[in-house]
Structure formats: structure tokens, C-alpha cells
Amino acid sequence: MTDHALCSTVLSAPKIAIIGGGLTGLLTATLLERASNQSSSPSNIPQITIFEKSRSVGRLATRYRSDSKTDKNWQWSFGAQLFTAKTADFQQFIAPWLDTGLLQPWCAAVVELMPSSDNSQSPNIQSKEQWDAVHARYISTPKMTSWGRELAAALKHTTIVFKTRVAPLAQYLHHQDLQQPQHQIQTFNQNSKQTELFDETGASLGWFDWVICTAPNGQAVELMADSGFAQQDKITKPQMQACYTLMLGWDDAQKLPETLNGQLVPQWDVAYLNSAILDRIFIEHQKPARDELLPSVTIHARNDWSEAHVDDDIELVKEQLLQAAKQALNWKEYSAPSQTDCHRWRYAATIVNKDTEELGILIDETKQWIVSGDWCAKGNIESCYRMAQQTVKAIMQTQ
């Protein structure tokens with residue numbers, strides 16, 4: 001069902017809480033608002049509140065630093081690097097941002113890189129493929145966060161509450177402390193099918209007709225634990241793995257190692273690594289609309305390696321990643337990066353089993369709770385959109 005088809009059904013005016021301001025949450029709010037636009041009555045417009053634990057929206061994370069001498073930035077897309085649009089629905093949805101240039105295809109030159117075991121030798125780099133606009137990989141410009149912020153800014157009937165952690169739904173469900181106000185004793189009203197949410201300090205966040213959890217499944221399990229959620233056992237079915245991201249920057253293009261400056265090998269944008277630790281290298285300053293950046297390179301570690309080291313001290317992990325990156329890019333003392341940073345994503349990649357039917361959103365129709373997220377499908381950005389579609393359809397079917 002396209003979002004245009006979703007718009008053809010009239011919504012009543014439920015109060016809807018969305019836990020998580022990532023792309024799944026933002027796209028769910030967007031499609032809910034679009035579905036209500038066909039309503040002739042203002043009273044049918046849903047009242048949506050997104051609760052986000054961080055200070056910004058969108059999973060497409062960007063980190064940057066400014067050089068005090070040049071006032072230029074290093075910039076790293078340390079979360080999702082890109083996304084695809086394989087279905088007609090999603091292609092139609094992103095078309096307006098392609099027209100404005102906020103989203104652009106990334107026609108990258110892709111290579112396979114085999115690090116050398118001898119630091120005196122350059123790595124073996126072989127051409128793999130050239131991405132094209134026909135089977136496009138898309139990025140957001142000028143930053144990967146730009147699209148998420150644009151989605152948030154376009155919401156007309158949605159309030160986004162930042163730096164707010166929603167408490168587990170069962171935290172007050174069975175609490176019988178008589179010193180607590182009566183409204184904190186029960187979070188779910190069976191008669192009205194409304195749920196009261198609380199933050200981690202115990203303050204009420206309000207009553208809602210629908211609660212949609214879009215957190216990673218490891219966090220969704222905690223939020224729904226002991227709450228009586230009808231499909232609790234299915235939340236842990238998809239397996240997720242961690243990912244460490246290493247961010248490197250150079251003061252000047254002249255200081256780049258030969259592996260990156262195009263002098264010894266053909267210029268490339270993305271490298272797939274044959275490494276026990278590293279997975280892919282992305283050259284940020286060669287992406288579309290990134291011409292003004294200082295040399296910036298993002299490296300993703302392998303998910304299996306990251307998962308095995310997910311609880312290690314991050315400074316020790318960073319040192320291991322730097323050693324692996326030095327071996328892969330073969331920099332010398334004079335061509336070493338001047339900027340280094342490391343980030344840990346505890347829930348980064350969904351293990352997709354081609355022989356298993358994807359989970360889809362999880363619904364408790366009695367309580368009107370939904371658990372959603374890209375991990376309910378293939379773990380990519382298009383999955384965020386598809387799960388948002390399923391959520392809106394489920395809510396409308398009850399109206």
C-alpha cells in the first residue's frame with residue numbers, strides 16, 4: 001500500500017506516542033499525518049508525540065569537527081552511510097527530496113582491498129564495481145542528518161520531546177505503593193484502552209491511545225518486559241550485532257597516504273576489506289556535495305568482530321581499529337591522520353536469514369501497543385519506511 005493509498009482512509013483523532021525519534025519514528029509520524037490530511041474535520045487529526053532520548057532526530061548520524069585555521073570541517077557519516085530504494089512506494093516517497101537535491105545518488109567507485117602483511121608494501125586494491133543512478137545508493141546532503149531533520153521540520157501535528165527516556169511500561173503497572181498518586185498505580189486503562197507513559201524519573205508523560213515503540217529490539221525487550229505485551233517472545237527473534245565506527249581526518253589532501261590520494265592506484269570511493277577486523281572504508285570528501293570538506297574517512301568494523309568486543313574498553317578498541325586501519329591504508333608517520341575518533345553502535349545490524357520470513361511489526365491489539373523498527377524487516381532504511389506503512393495501516397484498521 002502506498003502512502004497515497006494510506007491517505008484515502010479517514011483517521012479519527014487518537015493520541016499517539018512514538019518511542020524513538022529515529023527514521024522509523026519520523027516516517028511513522030509522517031505517514032500518520034499524511035493519512036489524516038484527507039479528513040474533512042480538524043478533530044480527526046491525530047495528536048502525535050515522539051519521545052527521543054537524545055538531543056536530535058534521525059538515525060543518519062553525522063559527526064564533524066572544525067579546523068580553527070581554515071574554518072573548514074571534517075565530517076563523518078558514522079551511522080548509516082547510504083540507503084537504497086528498491087520498491088516503487090519508497091521511490092515515490094523520496095522523489096520530492098531527490099528533486100530538491102537534499103537526497104542524491106552516490107555513484108561511487110568501489111574496490112576490494114587486501115591489506116598487506118608487510119608495512120613496507122602497499123595493499124592490493126582491485127576494482128569491484130561502479131555504482132550508478134539506475135540501481136542507486138542514496139545519501140543525504142549536505143549531511144546524512146539533513147533528511148531526518150527535514151522530515152521532523154515538516155511535521156505539522158507532531159510534538160518531539162528530546163532528552164526523554166520512557167520508562168519500561170511495566171514499571172508502574174503492578175506498583176502498589178500507596179504513597180504514590182493513584183494515577184501511577186496503573187499505566188493501562190482496560191476500559192479506555194489508554195496507556196499512561198512515564199519517564200525514568202517517574203514523571204507522567206501523558207495518556208495515549210496508541211503506543212509505538214521504534215527502539216532497537218534489545219531496548220524494546222526492556223521497555224516491554226513484564227508488561228503483558230502479547231508478542232513479547234517475538235521481539236528477540238531477530239538477531240542484532242554491534243558495529244564500531246572509526247573516523248579519520250587529515251589536515252590537507254597533500255598529507256593523505258598514497259592509498260587514498262590516487263597516485264599509486266585508481267581513485268576510489270568505497271573499499272570492501274578482506275580483514276578480520278575491518279569491513280568497509282568510505283571516503284567522505286569525495287561524496288556528492290562534500291567538496292568543501294577536509295579529507296575525512298569513515299571505517300566500519302566487521303559486525304561479528306564488533307559484537308565479540310562490544311563490552312571492551314572503547315579506547316582499547318580504538319587502538320586496535322587504528323592499527324588495522326594503518327595496515328589497510330599503509331600510512332607512514334608523515335601521512336598519519338591528525339583526527340581520530342571512535343563510536344560504538346550496540347545495535348547496528350540485523351542478521352537477515354533469507355530462508356526466514358521477515359517478522360513485520362508486532363501488535364498487541366488489546367492494549368494498542370506496537371513494536372516496530374527496521375530490525376522487524378531487513379534492517380535497512382527502506383525497512384523503516386515499510387514498517388511505518390504497516391503501523392499506519394494497523395492503526396487505521398481499528399478506526
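The shown structure was predicted, so the numbers you read here are calculated from the model rather than taken from an experiment.
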If every non-hydrogen atom of Leu273 is compared with every non-hydrogen atom of Ala328, which pair is closest and at what distance? CD2-CB, 3.8 Å
Are the side chains of Phe51 and Leu197 in contact, using a 4.5 Å heavy-atom criterion? yes
According to the ring pair (Phe, Tyr, Trp, His ring centres under 6.0 Å) rule, which pairs have a member within residues 309-329, sequence neighbours left out? Trp305-His309
Taking the cut-offs as 6.0 angstrom to the six-membered ring centre and 45 degrees off its axis, would you call Lys367 and Phe229 a cation-pi pair? no
Within a reach of under 6.0 Å around CD of Gln91, are more than 12 heavy atoms found that belong to other residues, nucleotides or ligands? yes
For Pro105 and Ala136, which heavy atoms make the closest approach, and how far apart are they? CB-CB, 4.0 Å
Taking a hydrophobic cluster as the set of Ile, Leu, Val, Met, Phe, Trp and Tyr residues connected by side-chain heavy atoms closer than 4.5 Å, whether directly or through intermediates, do Met247 and Leu293 fall within one such cluster? no
CG of Leu248 to OG1 of Thr340: how many Å apart, nearest 0.5 Å? 7.0 Å
Pairing donors with acceptors under 3.5 angstrom, does anything connect the side chains of Thr350 and Gln239? no
Under the salt bridge (charged side-chain N to carboxylate O under 4.0 Å, His left out) test, which residues partner Glu129, sequence neighbours left out? none
Listed by chain and number, what are the ring-ring contact (aromatic ring centres under 6.0 Å, His included) partners of His343, not counting sequence neighbours? Phe78, Trp345
Without hydrogens or angle criteria, can the side chains of Lys234 and Gln231 be said to hold a donor-acceptor pair below 3.5 Å? yes
Would you say Val310 ends up clustered with Leu278 if hydrophobic residues are merged whenever their side chains have heavy atoms under 4.5 Å apart, either directly or through other cluster members? no
Following the transitive rule for hydrophobic clusters with a side-chain heavy-atom cut-off under 4.5 Å over Ile, Leu, Val, Met, Phe, Trp and Tyr, establish whether Ile18 and Phe162 coincide in one cluster. yes
Check whether the side chains of Thr158 and Glu33 place a donor and an acceptor atom closer than 3.5 Å, and report yes or no. yes
Please report the shortest heavy-atom distance between Val297 and Ile299, naming the atom on each side. CG1-CG1, 4.0 Å
Extract all donor-acceptor atom pairs below 3.5 Å that involve side chains of residues 210-224 and protein atoms in other chains or at least two apart in sequence.
| residue | atom | partner | partner atom | Å |
| --- | --- | --- | --- | --- |
| Thr214 | OG1 | Ile19 | O | 2.8 |
| Thr214 | OG1 | Gly20 | O | 3.3 |
| Asn217 | ND2 | Ile235 | O | 3.3 |
| Asn217 | ND2 | Pro238 | O | 2.8 |

Flag if over 12 foreign heavy atoms under 6.0 Å of CD, Gln130: yes
How would you list all residue pairs meeting ring pair (Phe, Tyr, Trp, His ring centres under 6.0 Å) that involve residues 98-147, not counting sequence neighbours? Phe83-Tyr138, Phe83-Trp147, Trp97-Trp147, Trp106-Trp131
I need the Leu169 CG to Thr195 OG1 distance, nearest 0.5 Å. 6.5 Å
What class does the angle between the rings of Phe90 and Tyr385 fall in, given that below 30° is parallel, 30 to 60° is tilted and above 60° is perpendicular? tilted
State whether Asp89 and Arg386 are salt-bridged, where the test is any N-O pair (Lys NZ or Arg NE/NH1/NH2 against Asp/Glu carboxylate O) under 4.0 Å. no
Side chains of Glu358 and Lys378: does their closest heavy-atom pair fall under 4.5 Å? yes
Can Asp304 and Arg302 be counted as an ion pair, charged N to O under 4.0 angstrom? yes
Counting only heavy atoms not in Asp71 (residues, nucleotides, ligands), do more than 12 fall under 6.0 Å from its CG? no
Say you draw a straight line from CD1 of Ile281 to CG of Asp269; how long is it, rounded to the nearest 0.5 Å? 12.5 Å
Scan side-chain atoms only and decide if Thr164 and Asp199 contain a donor-acceptor pair under the 3.5 Å cut-off. no
Are any side-chain N or O atoms of Glu52 and backbone N or O atoms of Gly21, one a donor and one an acceptor, separated by less than 3.5 Å? yes
Minimum heavy-atom separation for Gly202 and Phe198, please, with both atom names. O-CD2, 3.4 Å
When the aromatic ring centroids of Tyr244 and His300 are compared, is their separation below 6.0 Å? no
Apply salt bridge (charged side-chain N to carboxylate O under 4.0 Å, His left out) to the pair Arg346 and Asp311, showing each step before the final yes or no. CA-CA 9 Å; Arg346 187 170 287 275; Asp311 292 318; 3.0 Å; yes
Distance under 6.0 Å and angle within 45° of ring axis: Lys128 vs Tyr272: yes
Are Gln75 and Arg63 close enough that a side-chain donor and a side-chain acceptor fall under 3.5 Å? no
Would Val57 and Ile160 satisfy side chain to side chain contact (heavy atoms under 4.5 Å, CB included), going step by step from the backbone distance to the final call? CA-CA 9 Å; Val57 294; Ile160 304 178; 4.1 Å; yes
Please check if the side chain of Gln104 supplies one atom and the backbone of Pro288 the other of a donor-acceptor pair under 3.5 Å. no
Compare all side-chain heavy atoms of Val270 with those of Ile283 and state whether any distance is below 4.5 angstrom. no
Residue pair Met144 / Ala80: nearest heavy atoms and the distance that separates them: CE-O, 3.5 Å
Between the side chains of Asn124 and Gln126, is a donor N or O closer than 3.5 angstrom to an acceptor N or O? yes
Is it the case that the side chains of Ser306 and Asn303 hold a donor-acceptor pair, with the cut-off being a distance below 3.5 Å and no angle test? no
Mind checking what makes side chain to side chain donor-acceptor pair (under 3.5 Å) contact with Lys332, not counting sequence neighbours? Asn330
